[in-house]
Number of protein chains: 2
Amino acid sequence: MIPSENRLAEEYGVALATMRMALKQLVDEGLLDRRRGTGTFVKQPAFRADLFRFFHVHDVDDPDIPVIPESRILSCQEVPLPPEVQKAFGADSASHCIKLERVRLWSGEPMLFEEVYLRLPDFEELLSLNLKTMGPLLYPVFLEKFGILISSATDELSFGIATETSAKQLELASEAPVAVIQRIARNPAGRVIEFRRVHGRPERFRYRVTLGDQPA
Amino acid sequence: MIPSENRLAEEYGVALATMRMALKQLVDEGLLDRRRGTGTFVKQPAFRADLFRFFHVHDVDDPDIPVIPESRILSCQEVPLPPEVQKAFGADSASHCIKLERVRLWSGEPMLFEEVYLRLPDFEELLSLNLKTMGPLLYPVFLEKFGILISSATDELSFGIATETSAKQLELASEAPVAVIQRIARNPAGRVIEFRRVHGRPERFRYRVTLGDQPA
DNA sequence: CAGTGGTCTAGACCACGTC
DNA sequence: ACGTGGTCTAGACCACTGG
């Protein structure tokens, strides 16, 4: 909780109405929360998990049931920056980054193979973390362990051919067709935090997204 | 342009600051536009064309160049409501609807085959319109000819098999693999206006979307 | 230069939550 | 009862736009 509008106005030597306008602005920006009769509070940066749960593996019976696939981490190591990751991170990137590989399963079957690239030195600690204890969603981990909030992402979907690794992990023939999702995720300042490439089994792959002003 | 804040405050018998707050609210809701030294204006409902240009057919040389594919309308007729369209439109739907079929081409090659379902009687006039004169984007036509604004859409992407018709139009072998996009588009009130099913040639298909708070 | 909106002041009264 | 934010008042000065 921060001091009341009365105290703040006095402290900063401005009129009450002026302070009210300033506070209103911060509320509009989502930084404060005001409750009549109670006070003004700093808002926790809300992680909109719903925004990032949009890999829908369609339930056999009801495609409207969303599922968070189970996660199995294969490896997590420091590697030289691949060129496309370099392009996404921009000029101010280090020469190396962290590469995390994992498989996501549903009902015991591998559905997605993910390669996640993260900036160094920001995520250096990840190398020494016990990855087994992590939940299936990465962004809450970024927020809790590293204080890094992912607030926007650009996904690009296309069709491609499985690599040797992705074919093996998805239990497909090599060079089988796969769904390809490439994601660039950013913090609120627009800095690219993550580059991700995902291969998915095509026959059960489903991606859903809603754009525009959501009706209430 | 609407009257100045001074005149409005006087007319409605409220203080200037109160009228200012009220106007501010309407600005926040996107209904008004205020310009200092000029006046207050009713805002045209902005059609966010950028929101709906997200079928990216990747340019061979530069995948970052967005393209609006050319449009060729094949048919436009009244048909009974297919079950999945019924489900999208809901209980208050008529028993028939308009079905519009078209092919979208780029560099003369067919890339996408679209089946667009629209509500009756809202779009009744579409049957008698000269479709040749329409531009490649449908939503501006909805707005200009019918006063209907599309403000949100949910897309669902998956992989499927070409139908007889889509294979023919895309110049593929029958039962060839295709990209499938299903779209439900709504007006600001949340009413479903359009149901669309799109088949795309997989090898050149690319779909890009950005979610979250876009950095400035 | 006249009129517009943008910002600010110094009050007032009210609705709501907590104690 | 008291302190909180929500709304309102009746002014003031400034910055910008247009003719």
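Reminder, nothing fancy here: chain letters follow the sequence lines and each chain counts from 1.
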> Of the options B:Ile184, B:Ile148, B:Leu149, which is the one that meets B:Ile193 in a side-chain contact (heavy atoms from CB on, under 4.5 Å)?
Replying inline: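 Option passing the side-chain contact (heavy atoms from CB on, under 4.5 Å) with B:Ile193: B:Ile148.
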> Salt bridge or not for A:Lys99 and A:Glu115, using N-O below 4.0 Å?
Replying inline: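 Yes, charged N to carboxylate O under 4.0 Å.
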>> The criterion is ring pair (Phe, Tyr, Trp, His ring centres under 6.0 Å); which residues satisfy it with A:Phe142, sequence neighbours excluded?
In response: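 Ring pair (Phe, Tyr, Trp, His ring centres under 6.0 Å) check on A:Phe142 returns A:Phe123, A:Tyr139.
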> Which letters describe nucleotides 5-15 of chain C, given B = protein heavy atom under 4.0 Å from base, S = only from sugar-phosphate, - = neither?
Replying inline: BBBSBB----B
> Which residue pairs satisfy the salt bridge (Lys or Arg N to Asp or Glu O under 4.0 Å) criterion with at least one member in residues 12-21 of chain A, sequence neighbours excluded?
Replying inline: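 Every pair satisfying salt bridge (Lys or Arg N to Asp or Glu O under 4.0 Å) with a residue in residues 12-21 of chain A: A:Glu5-A:Arg20.
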Taking [atom1] from [X] and [atom2] from [N], how many angstroms apart are they, rounded to a whole number?
X       : N      : atom1 : atom2 : value
A:Lys24 : D:dG5  : NZ    : C1'   : 13 Å
B:Leu32 : C:dT4  : CG    : P     : 16 Å
B:Phe41 : D:dG18 : CZ    : C1'   : 11 Å

> Is the backbone of A:Leu157 close enough, under 3.5 Å, to the side chain of B:Arg206 for a donor and an acceptor to pair up by distance?
Replying inline: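 Checked: no pair found.
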